[in-house]
Amino acid sequence: MSCIVEIALSCPLRQTFDYLSDDPAENWQIGMRASVSFGSRQLIGIVVAIKPIAEKAVDKLKKIDQQIDKQSFLPNEIMQLVQWVSRYYHHPVGECFQTALPKRLRLGDPDEMQTETYWILHQQPDSTSKTGKKQQQILDLLEDYPEGLSEKALRVQLGNVKSSLSALVQQNVVAARQYVALPVPCLELQQQVLLNNQQKQSIETILGSKGQFSTFLLQGITGSGKTEVYIETCREFVENQQQVLVLIPEIGLTTQFVERFRQSLNASIVVINSSVSDSDRKQAWLLARAGKADIIIGTRSAVFTPMINPGLIIIDEEHDSSYKQQDGLRYHARNVALMRAKSLNIPIVLGSATPSLETLYQVKQQRYQFLELTERAGGASLPKVALLAAQNSSENNGLSSSLINAIEKHIKQNHQVLLFINRRGFAPVLMCHQCHWQANCRSCDAKMVVHQHQNRLFCHHCGLIQILPKICPECGNTELKSYGVGTEKIEQALTAIFKDVPVLRIDRDSTQRVNSFANMVKQINQGQAAILVGTQMLAKGHDFHDVTLVGVVDADQALFSADFRATESLAQLITQVTGRAGRGKKAGEVLIQTEQPEHPFWQNLLQHGYESVADNLLSERIQMELPPHGFWAVWRAEAKEKDLAIELLQQVSGLLQQSNSSVLILGPVPALMEKRAGRYRAQLLMRSADRGALHQLIDQHIDSVTKLKLARKARWSIDIDPTELI
DNA sequence: AGCACGCCGACT
DNA sequence: GTCGGCGTGCTC
């Protein structure tokens with residue numbers, strides 16, 4: 001008896017496809033993969049339904065080419081989750097499955113875990129045969145592991161063991177077994193750290209919600225020991241054979257975080273981030289699904305990792321913008337995680353020193369429980385924060401004389417200094433002194449940034465690269481001048497001022513080479529006086545113990561930005577940065593150089609702290625009916641031809657207006673930077689106090705939008721709960 | 001989105 | 001005479 005199998009395929013069509021299978025329905029399960037011919041190509045899809053043969057139009061159906069999985073592949077929970085994501089974000093279901101699966105499995109790799117060789121003691125060595133030193137070491141070690149020890153672990157401890165092992169095999173003393181390859185455990189676990197009362201209380205409260213859905217905001221200033229709270233909470237779950245999913249931001253600096261878990265917990269910990277190879281991702285995913293990974297630490301897409309016995313979800317730095325995907329399926333991992341925790345009926349912890357307004361809003365509505373850590377570990381005090389008027393700073397390449405003096409003071413004490421400039425390159429503007437020509441990007445509405453080290457102009461929006469011109473292309477003048485500051489210029493200025501002090505620049509340009517970042521960190525941690533100049537990437541995730549002065553050079557930009565979220569991010573950045581100064585015994589100092597020291601934002605932040613700023617911003621947003629107040633969706637469109645995007649959105653707007661709905665339609669308007677990477681962009685906003693009404697309106701019209709002629713000429717997408725409104 | 005089919009311009 | 005440009009139409 002054959003059957004019909006309904007398959008979700010990765011294509012932008014908002015539908016699934018029926019195929020004919022020769023196998024009986026019993027041989028199929030929802031969530032299995034199948035290979036089918038689709039149009040003229042071969043695709044792999046996910047089975048979403050199995051149906052009996054119906055009379056109608058069976059002859060139109062193609063046959064399934066291959067059933068890839070013989071046993072269940074995607075657990076029901078993940079099937080439900082991905083289908084919910086597809087409905088909630090109004091994104092084609094096949095593409096949702098695509099984002100949820102590791103590449104190798106998406107492409108049809110069998111779902112078999114990699115194995116590795118384990119060695120076990122087979123019998124006691126014959127007393128007559130002589131055993132070498134290395135061989136004896138192996139035997140001694142294996143004696144402690146009656147269930148065997150992996151060859152990898154033997155190698156880690158004893159070095160090259162290949163020849164000794166084969167000798168032992170010859171004597172029939174040891175035997176090899178193939179077992180599933182687990183992550184290499186830490187050899188020496190660290191002693192459990194002493195927790196303060198706030199930490200203990202937080203852990204207890206979270207554990208009190210074991211086995212039931214409950215959301216916690218764990219707010220703790222930098223250095224207050226959030227990670228210890230995570231680790232000790234995990235310990236409890238791991239001891240109960242329950243798995244923990246830990247989401248982390250997408251910054252390449254996760255090693256320290258992961259190491260602390262590894263060194264503290266006797267558990268199988270897998271990592272899924274961008275530096276993990278495709279085959280290791282697949283292995284981590286399979287280990288998690290099989291319950292052989294106790295803790296899964298990963299970035300955004302790890303939220304879809306299946307677990308056999310999930311107990312807890314943790315989202316570290318929950319305010320981080322990398323949790324929201326900004327193309328394709330525009331999901332927010334925090335949102336998906338919340339949904340997942342709810343349907344699994346397990347607790348979820350959102351951790352941050354500077355929670356997002358969304359999360360604070362929920363705390364205010366008493367939907368999340370608030371946990372707070374206010375004490376810094378080791379009794380370190382928070383640094384003094386002061387504002388510096390930026391007057392005359394342009395004469396010193398963007399550094400005011402008081403900032404330079406402060407740097408000198410800290411350097412003289414053999415301490416380290418950290419300076420933030422949130423712009424890569426040398427200078428953001430190149431201009432002709434004579435005719436006022438400016439170096440602009442030809443594909444974007446943006447200026448080209450001077451990168452002197454590489455003797456090039458870069459567009460930071462589309463990646464266009466040009467040779468740095470020596471003469472003005474308009475009038476031939478040789479007097480080209482650059483304006484503004486970037487990391488390179490600050491680096492150069494400081495090198496000139498402090499001749500004997502190493503100046504390290506840390507940004508995407510200087511850390512691109514493999515290991516260069518790790519090497520820099522190593523150098524920094526040697527503890528000699530040094531000045532570190534860098535972008536935001538320095539603010540996150542890394543502890544530099546000898547830094548006593550943190551300077552913020554171009555803090556003002558955000559205060560004038562048209563993006564209403566800029567002040568929120570600035571308050572978060574300054575607060576995070578403040579935590580970077582003076583850990584341990586050395587007293588810290590933070591200096592913020594600004595053109596507007598009188599600005600109420602600074603006064604509020606310095607006198608009352610992040611929470612107060614966040615509070616104000618939140619009331620402001622509520623008053624102005626901006627997110628997180630109300631429910632928002634935005635249609636985005638882009639086209640190579642000018643005005644095409646906006647025309648398409650005008651038609652979309654027309655369709656939406658046909659319904660008599662409570663949803664407010666705003667726009668369409670061109671994007672703030674209309675042209676980017678050669679495309680003109682526009683957006684159409686929807687807002688409602690009623691989430692259901694918003695989604696209903698989209699569902700009502702999305703098919704007609706797909707059928708619009710213009711929808712083929714312009715790229716369009718829909719963004720639910722947008723985090724960027726421009 | 002891919003990919004095929006289809007109908008008009010400059011080239012071995 | 002052909003190669004190839006991208007318009008439009010379909011994908012169980």
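Numbered from 1 within each chain, the chains take letters A, B, ... in sequence-line order. The figures here come from the full heavy-atom set of this structure, side chains too, leaving out hydrogens, waters and symmetry mates.
The side chain of F17(A) has dC12(C) as its nearest neighbour among dA4(B), dG2(B), dC12(C).
dT11(C) atom C1' lies 4 Å from atom CZ of F38(A), rounded to whole Å. Following rounding to the nearest Å, Q42(A) (CD) and dT11(C) (P) show an atom-to-atom distance of 17 Å. Atom NZ of K62(A) is separated from atom P of dC10(C) by 15 Å (rounded to the nearest Å). Look at CG on L644(A): it is 14 Å from C1' on dG7(C), rounded to the nearest Å. Atom CD in Q15(A) sits about 10 Å away from atom P in dC12(C), given to the nearest Å. Rounded to an integer number of Å, the gap from CG of L13(A) to P of dC3(B) is 14 Å. Going from atom NE2 of H91(A) over to atom P of dA1(B) covers 11 Å, rounded to whole Å. Spacing between atom CZ of R712(A) and atom P of dG7(C) amounts to 11 Å, rounded to whole angstrom units.
At dC12(C), none of the side-chain N or O atoms of K60(A) fall inside 4.0 Å of OP1 or OP2 (strictly under the cut-off).
Between E674(A) and K642(A) there is a salt bridge, with a side-chain nitrogen of the basic residue lying less than 4.0 Å from a carboxylate oxygen of the acidic one. Using a cut-off of 4.0 Å between Lys/Arg side-chain N and Asp/Glu carboxylate O, R565(A) and E724(A) are scored as not salt-bridged.
Counting any heavy atom pair closer than 4.0 Å across all strands shown, Y19(A) reaches sugar-phosphate atoms only and no base atom. Residue I7(A) is classed as having no contact, given no heavy-atom separation below 4.0 Å to the nucleic acid.
More than 12 heavy atoms of other shown residues, nucleotides or ligands fall within 6.0 angstrom of atom CZ in R14(A).
With 3.5 Å as the limit, one finds no donor-acceptor pair spanning the side chains of E95(A) and T99(A).
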